[in-house]
There are 2 protein chains.
Amino acid sequence: MGKAGTKGVARAERERQIVDIAGRVFAEHGYAGTSLTAVAAQAGISKPLIYSYFGSKEGLFAACLSTAGEVLVEVIERTAGLGLVGQQRAVVTLDQFFAALEPRPWMWRVFRDPTMPAAPEITERHARYARRMHAVGAEGVRELLHLAGNDDPLDSSAMTAAWVNVFDALVNWWIDHPGESRASMTARTVRLSAAVFGPMESDPLADQPG
Amino acid sequence: MGKAGTKGVARAERERQIVDIAGRVFAEHGYAGTSLTAVAAQAGISKPLIYSYFGSKEGLFAACLSTAGEVLVEVIERTAGLGLVGQQRAVVTLDQFFAALEPRPWMWRVFRDPTMPAAPEITERHARYARRMHAVGAEGVRELLHLAGNDDPLDSSAMTAAWVNVFDALVNWWIDHPGESRASMTARTVRLSAAVFGPMESDPLADQPG
DNA sequence: CTCTGGTAACTTACCCGCGGGTCAAATCGC
DNA sequence: GCGATTTGACCCGCGGGTAAGTTACCAGAG
């Protein structure tokens, strides 16, 4: 594009901007289907700048992955700490996730990208976040199964995978329906949860943080 | 590898073999992450043979996709025709899918490959199968929601997406646990379904086809 | 039964563009 | 001037795709 030379954008700020745009592209086409030329074009900068800041395509993806992982883990652990149970816990967790993903929906898809590189640096980092999130989800699932008299660990494992994918479906459905607000999505999950598990006693969202 | 010249394998048989191996590789690495060189190596043949039979990488994927689509649509439509409802319908459908996927588990992942090429020839073919499957699933979901007094079409759409992903989770969990037989998977879904929806009145698998 | 041509089944060797990655220079703020 | 920021131009391997030749099988002709 233009000439060389600084445009007065500090490194930290530029890095944030690149991560945000790269996240969007990775989310749309997957890691394997994304070219850094495309990312650079989207960001309005040149490819070598990305390499100068992130070292490699994997490095850039790792930065996006860390951003996503930090946010998602924070949300799920904070929500789990509220001490809710059952249906209410599920609905509030979803609501908090929608809130966290509203500004950057790409985080979810990047975190679950099936074409993620197999480099140990990436897989280990991903596994660290995934393990923490999985632990929280599995705890809730065990609780639910225990109430039904089921303590089979493999049942719990399969059910946790199913629950995570329900999550995934709702987030993706939301991304595919940009007209829906966070509030309307949460109301929807309340209705759907009631249809599956039966109605709840009280308003599940009373006194929840914004 | 060896010399040129026919090895006495008829075209139809070779095509089946290539589709089966390509399906496995596509399922493992996704369309975007798969190279035909790798597929040819796996199949023990050379790359031009694949091109001579399938024309292009997209053509090969289309063949895998059609194989998967035909099988999956047949299963879901046949099962829907049994006239079951609610929990029983869900469990029996899963059981029939496990049976159909047992010999070629790659079919499910290929059909749901998010890195699938965007060529109209592919997307249209996929959409045709997906629409038929989706229609069956959506019908069951509408039924369930209607019983709970909910007739919102968007709720139904979101719930159908969630249900399909539950499916996806269980199939992938199965693929990741090769020790599990179809029977043990089905027993597991019965237990999990009971934990979520409450126990069923009768044996859901009485008199079902093998 | 053999010879011969045709065809179907294959392979080696290659082309070419795309995309990851690098170098050295150019430009700007201070 | 000096360092941080930024770029155009380039290298190179990988992977999709192709051209042309090689081998085996199977007619039918003699």
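As the structure is a prediction and not an experimental result, all values here were calculated from the model. Every chain is numbered from 1, with letters handed out A, B, ... down the list of sequences.
Taking the six-membered ring where tryptophan is involved, the planes of B:Trp163 and B:Phe167 are perpendicular, since the angle between them exceeds 60° and thus also 30°.
Salt-bridge formation is not detected for the pair B:Arg128/B:Glu124: no Lys NZ or Arg NE/NH1/NH2 atom is positioned less than 4.0 Å from an Asp or Glu carboxylate oxygen. A salt bridge is absent between B:Asp113 and B:Arg109; no separation between the charged side-chain nitrogens and carboxylate oxygens falls under 4.0 Å.
Remark: P of C:dT11 and CD1 of B:Ile50 are 10 Å apart, rounded to the nearest angstrom. Regarding A:Tyr53, its OH atom lies at a distance of 8 Å from the C1' atom of D:dT6, rounded to whole Å.
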Fill in: Under 4.0 Å protein heavy-atom contacts per nucleotide of nucleotides 18-30 of chain C, with B for base, S for backbone only and - for none
-SBBBB--BBB--

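Side-chain N or O atoms of B:Ser193 include none that pairs as donor or acceptor with a backbone N or O of B:Val190 at under 3.5 Å. Judged purely by atom type and a 3.5 angstrom limit, A:His126 uses its side chain to pair as donor or acceptor with the backbone of A:Phe111.
Residues from residues 9-29 of chain A placing a heavy atom under 4.0 Å of any atom in DNA chain D, listed by number, are A:Val9, A:Arg11, A:Arg14.
Looking at B:Asn172 and B:Trp108, their side chains never bring a donor and an acceptor atom within 3.5 Å of each other.
Closest approach of A:Glu102 and A:Trp174 over heavy atoms only: CA-CH2, 3.7 Å.
Note that CD1 of B:Ile76 and CD of B:Glu74 are 11.0 Å apart. Values are rounded to the nearest 0.5 Å.
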